[in-house]
2 protein chains.
Amino acid sequence: MEYTVQKLAALAGISARTLRYYDEIGILKPARISSSGYRIYGPKEVDMLQQILFYRELGMDLDCIRKIITDPSFDRAKALRDHHVMLLAKREQLDLLIRNVEKSIASAEGRIKMTDSEKFEGFKQKLIDENEAKYGQEIREKYGDDEVDKSNAYFKNMSKEDFDRMNSLSEQILETLAEAMKTGDPSGPLGQKTADLHKQWISLCWGRYDRESHANLARMYVDDERFTVYYDDRVQPGAAAFLKDAIMIYTGK
Amino acid sequence: MEYTVQKLAALAGISARTLRYYDEIGILKPARISSSGYRIYGPKEVDMLQQILFYRELGMDLDCIRKIITDPSFDRAKALRDHHVMLLAKREQLDLLIRNVEKSIASAEGRIKMTDSEKFEGFKQKLIDENEAKYGQEIREKYGDDEVDKSNAYFKNMSKEDFDRMNSLSEQILETLAEAMKTGDPSGPLGQKTADLHKQWISLCWGRYDRESHANLARMYVDDERFTVYYDDRVQPGAAAFLKDAIMIYTGK
DNA sequence: ATTGACATTGACGTAACGTAAAGGTGTAGC
DNA sequence: GCTACACCTTTACGTTACGTCAATGTCAAT
């Protein structure tokens, strides 16, 4: 498939001017120039543009992008994996921001107090992202290692202290869930306390927390018999469904 | 609490120059000027800056931000709720991008084919975001409804077809896992096939897939007795650990 | 052959700061 | 009281990633 400037621009959701600029600064040259001087882009350029937009989305400046993609050792497969890691990091930052705005709402309603520092949580992270984007590969490779280390160290470092805490949380969840079900209200204080304990348990298990995963896990609780049976047996029938409702309200889903 | 430029800048993770610029264009004036001409910011300004950064994060230009926050009918509580809705929308766009990069990886490995249009999914959304930011409230209120509908539609839409597929996948996983364990090699073709089936199952359950969550779930399989017992009972002792190893290799963690 | 939607290359404009210059201020330590 | 040094000020020019004309050429259809 071949594209002229405006066709490709429409496809990618950018302007024709942007494509001409990218040609001008040598970041994305057309596959060929037609006899009448038109820029013609081919499949390779489409893929390259996608790469560029991924980097751009992560806040990298065009000069840095050029250095990376024109590097002879540029590895598209690795770049895609890097994008993936960075996008997941960005989502965590976004989740921080979302929690920030939720806390700000609660604070505006006088339900909680926020420190000034808390008011800017999730914004600062952006700077770190950008630094990472600038220093590029080495740090990213290190980042990758850290990731692996972090993952591996998870259950190694956890032994005893955290593990005990995890088991204690499991028990607390069951106890609080039983109490909460007596009230019959998943949105009540006991229901929400259960959800909060459950969140702590997840944070410990997964090493990180995001509301969407929490909600998905809750859905699985009613959907997957392993879980349903576990909670229904240990608390009472309907416990898994009750917990799911509490978590849904807790996560705002 | 009172802040000088650099103190506030450090707090918010921006530069002192940015604060002076915001003063210059009339978007954030200091509470007062000290006898020696220093800018002094108070608690009100801290909250205002937070607002500004929320709007900026959503891609709004400063001129537009000024019009909003200097409007006499500006309602901080409503603004916060708007931020919340917009940030959730942004996260959905991010999830689209993440799925895009995952598909791109699969495509690079020749596992699937992508249309050129699909290659730019999640980027275009940004334009829509900006339009929404401009046209504001009515659309956002409608969007909010869609949000709720979509969440609810998750398992409603799944009924029968997908649900059956889920159960069939569960069985396949157990069968393949049993076969794979005979070879004793989690990295072998059968072990990796098990992991791939498991991935499909997750994709169905969670509505999306990322390797990190997959790996975390695998860790939970050996760590949480509910899972361990489930697999060890149904296949053979050590099955949960074997599956975890296979998934670790599969996800490259 | 004309129309209208495309393409081209300049060239200047703009937003949101970065950066440097030239100078005043606050306070900690000697 | 003096010095050092980290902070503050304004002024002003530089930069990035394009937007926006302007002047001109091209293509496809009527």
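All chains are named by letter (A, B, ...) in the order of the sequence lines, taking the proteins before the strands, and each is independently numbered beginning at 1. These numbers were taken from a predicted model, which means no experiment stands behind them.
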For this session: Tell me, please, the opening and closing nucleotides of DNA chain D, 5' to 3', among those with an atom under 4.0 angstrom from a non-hydrogen atom of chain A.
Result: D:dA17 to D:dC27
For this session: Go through the structure and list residues passing side-chain hydrogen bond (donor to acceptor under 3.5 Å, both in side chains) with B:Ser36, not counting sequence neighbours.
Result: B:Ser34
For this session: Applying side-chain hydrogen bond (donor to acceptor under 3.5 Å, both in side chains), name anything that partners B:Asn100, two or more places apart in sequence or on another chain.
Result: A:Gln50, B:Ser104
Problem set entry | NZ/B:Lys7: more than 12 non-hydrogen atoms of other groups inside 6.0 Å | no
Exercise. Partners of B:Tyr21 by side-chain contact (heavy atoms from CB on, under 4.5 Å), sequence neighbours excluded?
Worked result: B:Arg17, B:Glu24, B:Ile25, B:Leu62
Exercise. Do the non-hydrogen side-chain atoms of A:Leu11 and A:Leu8 ever get within less than 4.5 Å of each other?
Worked result: yes
Exercise. Is there a donor-acceptor pair closer than 3.5 Å between any side-chain N or O of A:Glu2 and the backbone N or O of A:Tyr41?
Worked result: no
Problem set entry | Test item: B:Glu118 side-chain N/O and B:Thr115 main-chain N/O as donor-acceptor pair under 3.5 Å | yes
For this session: Would you mind reading off the distance between B:Ile40 atom CD1 and C:dG26 atom P, rounded to a whole angstrom?
Result: 10 Å
For this session: Go through A:Asp82 and A:Lys78 one step at a time and tell me if the salt bridge (Lys or Arg N to Asp or Glu O under 4.0 Å) criterion holds.
Result: CA-CA 6 Å; A:Asp82 284 350; A:Lys78 186 177 186 320; 3.4 Å; yes
Exercise. At under 4.0 Å between heavy atoms, what does B:Ser15 touch on the DNA or RNA strands: base, sugar-phosphate, or nothing?
Worked result: sugar-phosphate
For this session: Applying side-chain hydrogen bond (donor to acceptor under 3.5 Å, both in side chains), run through B:His83 and B:Gln51 and close with a yes or a no.
Result: CA-CA 9 Å; B:His83 293 325; B:Gln51 284 296 313; 3.1 Å; yes
Exercise. Rounded to the nearest 0.5 Å, how far apart are CZ of A:Arg91 and CD1 of A:Ile98?
Worked result: 10.0 Å
Exercise. Roughly how bent is the helix from C:dA1-D:dT30 to C:dC30-D:dG1 end to end, in steps of 10 degrees, with each end axis from five pairs?
Worked result: 10°
Exercise. Just by protein heavy atoms under 4.0 Å, how would nucleotides 7-16 of chain C read 5' to 3' in B, S and -?
Worked result: SBB-B----B
